[in-house]
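Scroll down for the structure; my scribbles are underneath it.
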Amino acid sequence: MRVRFAPSPTGFLHIGNARTAVINHLVAQKENADLIIRIEDTDKERSTKESEISIMEDLKWMGIKWTESPEMGGDYGPYRQTERFDIYKEYTDKLIANGGAFRCFCTREDVEADKEDAVKNNKPFMDRCRNLSTEEQEKLVSQGKEFTVKFKVPEGETISFNDLIKGDISFKSEHIGGDFIIVRSDGFPVYNYIVIIDDTLMKITHVIRGEDHLSNTPKQILIARALGLPEPQYAHMPLLIGDDKKKLSKRHGITSVDLYKKEGYLPEALVNYLGLLGWATESGEEIMTQERLIELFSISNIGKSAAVFDFRKLRWMNGQYIKNYDLKEITDMFIPYLEDGGFDLSGTDRERIESIISLVRGNCEVLSDIVNYMGIFLYEINEPDEKTESLLKEDYSGDIIKIASELIGCLSESDFIEKLIPGIKEKTEHKGKKLFHPLRALFTGALSGPELDLALPLIGYDKTKKRIEYCREKYLK
RNA sequence: GUCCCCGUCGUCUAGGGGUCUAGGACACCGGGUUUUCAUCUCGGCAGCAGGGGUUCGAAUCCCCUCGGGGAUGCCA
C-alpha cells in the first residue's frame with residue numbers, strides 16, 4: 001500500500017491540509033505503507049521555495065513520517081511536479097495524437113459567452129475547438145495563435161467509483177462541465193491533469209485527500225482511462241470548517257500550523273486532535289498516545305460530514321498533554337517561551353525552574369501561557385492589573401496588608417512559610433475568599449495562579465517581604 | 001443554472017429498525033475538594049433539520065423540501 005500527501009507550496013501549511021497529512025500518516029503507520037510527499041508547484045505565480053521549506057518543517061514538527069520526498073528522493077521521483085514536465089509532455093503529445101485532447105484557441109471572452117449560453121439553455125457546454133482537425137490546429141499554431149490544451153470529455157459515459165469514505169459516487173460525463181484545460185497557454189500543465197499521472201506513476205494505491213477534490217475525481221479518472229492508466233482507490237475526507245460553517249479562513253482564528261507551533265501547542269496534541277476529528281473511539285477515549293491512535297484508527301470510521309474546527313477543545317487537549325508530560329521534557333519545551341517572554345533564566349538553576357513549572361503547568365493550556373506565571377517567582381514585584389488593584393484597595397485587603405507588614409518583620413526565612421499566613425488569619429480573623437484572595441494579590445500581583453501554599457516557598461522570604469512593603473506603600477496610605 | 005457531497009446536543013461524535021426516557025467529550029451552569037482562582041471531581045442543561053411514506057415499531061430504510069459545503073476555463 002502506498003499513500004501520499006501532496007501540498008502545493010503557496011503559503012504556510014494550512015490546518016486542514018495538516019489534517020490530511022495526519023490521516024495519511026496514520027494510515028501509513030497502521031498499514032505499514034509508504035507515505036510519499038509530492039510537491040505540487042505548478043502554480044508559478046504563487047509557489048515559493050520558502051513555502052515548501054516551511055511546509056516540510058511543519059510536517060516534521062508534527063512527527064509525520066514519510067518514505068519518499070523531494071529531499072529524500074525515492075524510486076519514483078522526481079517528487080516536485082515542476083521537475084516532471086518532460087513526463088507530462090509525453091502524455092500530452094500522446095493525448096493530442098490519439099484525439100483524447102485538442103488545442104483550443106478560444107479567447108476567454110469566447111468561452112465565457114459559450115458557457116453562459118449553455119447555462120441559459122440548460123444544455124451541456126461544447127467547446128468550439130473540440131472538432132478542429134489536426135491540420136487546422138497545426139495551422140493556427142504556426143500562425144502563432146495562443147492556445148491551451150484541453151481534454152476532450154467523452155459523451156455519454158458514466159464515471160463511477162467507490163470512495164472509501166463517501167461510498168459509491170457516480171457522475172455522467174456531460175455533467176462535469178465540458179472539456180477542460182490540461183495545459184495552460186503558457187505551457188504549464190494543470191493540477192487536474194497531472195495529479196492522476198503522478199499518482200499512477202508513483203504507484204499510489206490510495207488517494208486520501210480533502211473532499212474539495214471529489215468533483216475533480218471523475219475528470220482524473222477520465223484522463224486515466226484515456227491514457228490507459230490504472231485508477232487508484234479514493235478516500236475523500238470531509239472538510240474542516242469554521243464555527244460559522246464556512247470554509248476555514250483567517251477570520252476564524254489561526255489556521256496555519258506554524259502559528260500553532262508558535263503559540264505553544266504540542267505536536268502530540270495537535271496530531272491527537274486532528275487525527276480524532278471526524279470519528280470517535282468505541283470506548284470514548286480521546287487523549288491517546290500516537291501508538292494507541294494508530295491502533296484504533298481506521299479510514300472506514302471517518303464520518304461523512306464536515307467538521308467544525310473547535311479551538312477550545314484543541315486548547316483543552318493541549319492542556320492535558322502539558323499536565324501529563326514528563327517534567328524534564330516539558331520544562332525544555334517551556335524554556336524557549338520564557339526566553340521569548342523576556343525572562344532571564346541565567347541566574348536560576350534548573351531544579352528551581354522545574355519546581356516552578358511543576359507547580360504552574362496546571363494553569364497552562366498552551367506553552368506560551370507560562371509567561372503569565374513565571375514573574376510570580378522571578379520578578380521582585382509584579383505590578384497588579386486593574387482588577388487586582390481594586391481588590392487590594394478594599395478595606396479587608398488593607399487589614400491584611402497591614403498585618404502582613406507587621407508580621408513579616410518578625411519572621412525569618414526559616415519560619416515565614418508556616419507562620420505568615422496563619423498569623424495573618426489569626427490577627428485579621430478573615431477566612432476563605434476574604435483571606436486568600438487578597439493574599440494572592442499581595443504575593444503574586446494577580447487574582448489567579450498556582451496554589452499559594454506551594455508557591456510561597458518558591459517565591460521566598462525576600463520577595464515576599466518586598467511585595468508586602470510595596471503594597472503597604474501603595475495601598476495603605 | 002447544472003452536477004456531486006453532507007445534515008444527531010452550541011461544537012466533535014456514538015448509535016445502522018426494537019436494548020434510545022438517544023451515550024461520551026469540549027464548552028456552559030451548579031455542587032464538592034482547594035480555608036482563594038485554577039487543577040481535579042461529581043452533577044446538570046442541551047440534539048435526531050422539516051414533511052411525507054415503508055413497518056407492529058424509524059435517529060436508523062425510501063422520497064420530497066429546506067439548509068450547508070464543493071465543482072463548474074487557464075488555483076490545488
Side-chain angles (χ1 to χ4, degrees), chain A residues 6-10 17 40-43 45-47 81 104 106 108 110-112 114-116 118-125 127 148-150 163 165-167 169-172 174-186 188 190-192 195 209-219 236 238-239 241 243-247 273 276-287 303-317 319 323 360-364 373 421 425 430-441 444 446-453:
Chain A
S8 62
T10 55
N17 292 125
E40 308 210 320
D41 53 353
T42 55
D43 183 340
E45 255 76 68
R46 299 195 303 144
S47 296
Q81 291 187 321
C104 173
C106 295
R108 288 175 197 257
D110 291 340
V111 178
E112 215 170 290
D114 289 354
K115 288 245 164 173
E116 210 174 303
V119 166
K120 204 178 290 172
N121 298 309
N122 202 5
K123 59 180 186 192
F125 164 78
D127 203 275
T148 60
V149 180
K150 281 183 168 170
D163 191 279
I165 292 173
K166 299 286 187 177
I169 310 283
S170 114
F171 293 82
K172 289 194 166 38
E174 58 265 36
H175 285 145
I176 65 176
D179 303 334
F180 55 92
I181 295 182
I182 58 176
V183 180
R184 300 173 170 91
S185 46
D186 65 1
F188 265 51
V190 162
Y191 163 80
N192 253 331
V195 66
R209 68 210 326 185
E211 186 182 339
D212 45 342
H213 293 283
L214 192 59
S215 320
N216 290 147
T217 306
K219 297 180 185 174
H236 286 96
L239 261 21
I241 55 181
D243 51 12
D244 55 358
K245 308 278 186 185
K246 301 258 189 271
K247 202 169 173 179
Y273 179 73
L276 194 58
L277 205 52
W279 61 288
T281 58
E282 218 173 312
S283 61
E285 58 184 303
E286 297 193 311
I287 306 288
K304 295 181 175 191
S305 52
V308 173
F309 187 77
D310 187 349
F311 298 89
R312 287 292 334 163
K313 188 151 184 177
L314 206 212
R315 271 186 88 83
W316 165 79
M317 195 173 265
K323 287 185 226 332
V360 300
R361 77 206 299 201
N363 294 286
C364 299
Y373 303 106
I421 294 179
K425 185 193 173 191
H430 289 170
K431 58 181 181 180
K433 207 165 194 150
K434 289 221 161 143
L435 174 64
F436 271 76
H437 238 172
L439 282 177
R440 175 179 292 288
T444 72
L447 260 26
S448 71
E451 219 173 310
L452 263 193
D453 286 347

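In what follows, chains are A, B, ... by sequence order, proteins preceding strands, each numbered from 1. Note that the coordinates shown come from a computational prediction; the quantities given were computed from them, not determined experimentally.
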Choose from [options] the nucleotide whose nearest atom is closest to any side-chain atom of [X].
{"X": "A:Val308", "options": "B:U8, B:U11, B:A76", "value": "B:U11"}
{"X": "A:Lys433", "options": "B:C5, B:G7, B:U36", "value": "B:U36"}
{"X": "A:Glu286", "options": "B:C5, B:A25, B:A76", "value": "B:A25"}
{"X": "A:Lys304", "options": "B:C26, B:U36, B:C6", "value": "B:C6"}
{"X": "A:Asn363", "options": "B:C37, B:C4, B:A38", "value": "B:A38"}
{"X": "A:Asp310", "options": "B:C4, B:C37, B:G10", "value": "B:G10"}
{"X": "A:Leu239", "options": "B:U35, B:G70, B:C12", "value": "B:G70"}
{"X": "A:Val190", "options": "B:A14, B:C37, B:A76", "value": "B:A76"}
{"X": "A:Lys245", "options": "B:U13, B:U11, B:A27", "value": "B:U11"}
{"X": "A:His437", "options": "B:C4, B:C40, B:C37", "value": "B:C37"}

Sugar-phosphate only, base, or nothing, as touched by [X] at under 4.0 Å among non-hydrogen atoms:
{"X": "A:His236", "result": "nothing"}
{"X": "A:Phe171", "result": "sugar-phosphate"}
{"X": "A:Lys247", "result": "sugar-phosphate"}
{"X": "A:Leu277", "result": "sugar-phosphate"}
{"X": "A:Arg108", "result": "base"}
{"X": "A:Ile241", "result": "nothing"}
{"X": "A:Lys150", "result": "base"}

Heavy-atom closest contact ([X] atom, [Y] atom, distance):
{"X": "A:Ser47", "Y": "A:Asp41", "answer": "OG-CA, 3.5 Å"}
{"X": "A:Thr148", "Y": "A:Ser185", "answer": "CG2-N, 3.7 Å"}
{"X": "A:Glu451", "Y": "A:Arg440", "answer": "CA-NH2, 4.4 Å"}
{"X": "A:Lys166", "Y": "A:Glu211", "answer": "NZ-OE1, 3.0 Å"}
{"X": "A:Phe309", "Y": "A:Leu314", "answer": "CZ-CD1, 4.0 Å"}

**Prompt:** Say you pick atom P in B:C48 and the same atom in B:C12; how far apart are they, in whole Å?
**Reply:** 15 Å
**Message:** In whole Å, measure the gap between the C1' atoms of B:G44 and B:A27 for me.
**Reply:** 14 Å
**Asked** Going from NE2 on A:His175 to OG on A:Ser215, what distance comes out if it is rounded to the nearest 0.5 angstrom?
**Response**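 Answer for the NE2-OG pair, A:His175 versus A:Ser215, is 13.5 Å.
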**A:Asp243: partners by side-chain hydrogen bond (donor to acceptor under 3.5 Å, both in side chains), with sequence neighbours left out** = none
Any strand counts, and the cut-off is 3.5 Å on both contacts for Watson-Crick or G-U wobble. Which nucleotide pairs with [N]?
{"N": "B:G18", "result": "B:C56"}
{"N": "B:C74", "result": "none"}
{"N": "B:C66", "result": "B:G7"}

May I have the distance from [X] (atom [atom1]) to [N] (atom [atom2]), rounded to whole angstrom?
{"X": "A:Asp243", "N": "B:A27", "atom1": "CG", "atom2": "P", "value": "16 Å"}
{"X": "A:Asn216", "N": "B:C5", "atom1": "CG", "atom2": "C1'", "value": "13 Å"}
{"X": "A:Glu211", "N": "B:G69", "atom1": "CD", "atom2": "P", "value": "12 Å"}
{"X": "A:Asp41", "N": "B:A76", "atom1": "CG", "atom2": "P", "value": "10 Å"}
{"X": "A:Lys313", "N": "B:G10", "atom1": "NZ", "atom2": "P", "value": "15 Å"}
{"X": "A:Arg315", "N": "B:U39", "atom1": "CZ", "atom2": "C1'", "value": "15 Å"}
{"X": "A:Asp43", "N": "B:C74", "atom1": "CG", "atom2": "P", "value": "12 Å"}
{"X": "A:Arg209", "N": "B:C75", "atom1": "CZ", "atom2": "P", "value": "18 Å"}

**Request:** Taking the six-membered ring for Trp and the full ring for Phe, Tyr or His, determine whether the centres of A:Phe311 and A:Tyr273 are under 6.0 Å apart.
**Result:**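 They do not qualify: ring centres at least 6.0 Å apart.
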**Asked** Nearest nucleotide by nearest heavy atom, which residue falls closer to the 5' end of RNA chain B, A:Arg312 or A:Ser8?
**Response**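 The 5'-side residue here is A:Arg312.
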**Asked** So which one's nearest nucleotide on RNA chain B is more toward 5', A:Ser448 or A:Gly278?
**Response**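 Nearest nucleotide further toward 5': that of A:Gly278.
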Does [X] have a side-chain nitrogen or oxygen under 4.0 Å from the phosphate oxygens OP1 or OP2 of [N]?
{"X": "A:Lys246", "N": "B:G69", "result": "yes"}
{"X": "A:Thr281", "N": "B:A14", "result": "no"}
{"X": "A:Arg184", "N": "B:C75", "result": "yes"}

**Asked** Within the modelled atom types, does a donor on one side and an acceptor on the other bring the side chain of A:Ser185 and the base of B:C74 under 3.5 Å apart?
**Response**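 Yes, a donor-acceptor pair under 3.5 Å.
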**Request:** Report yes if a donor N or O on one partner sits less than 3.5 Å from an acceptor N or O on the other, where the partners are the side chain of A:Lys219 and the base of B:A71; otherwise report no.
**Result:**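 No, the side chain and the base share no sub-3.5 Å donor-acceptor pair.
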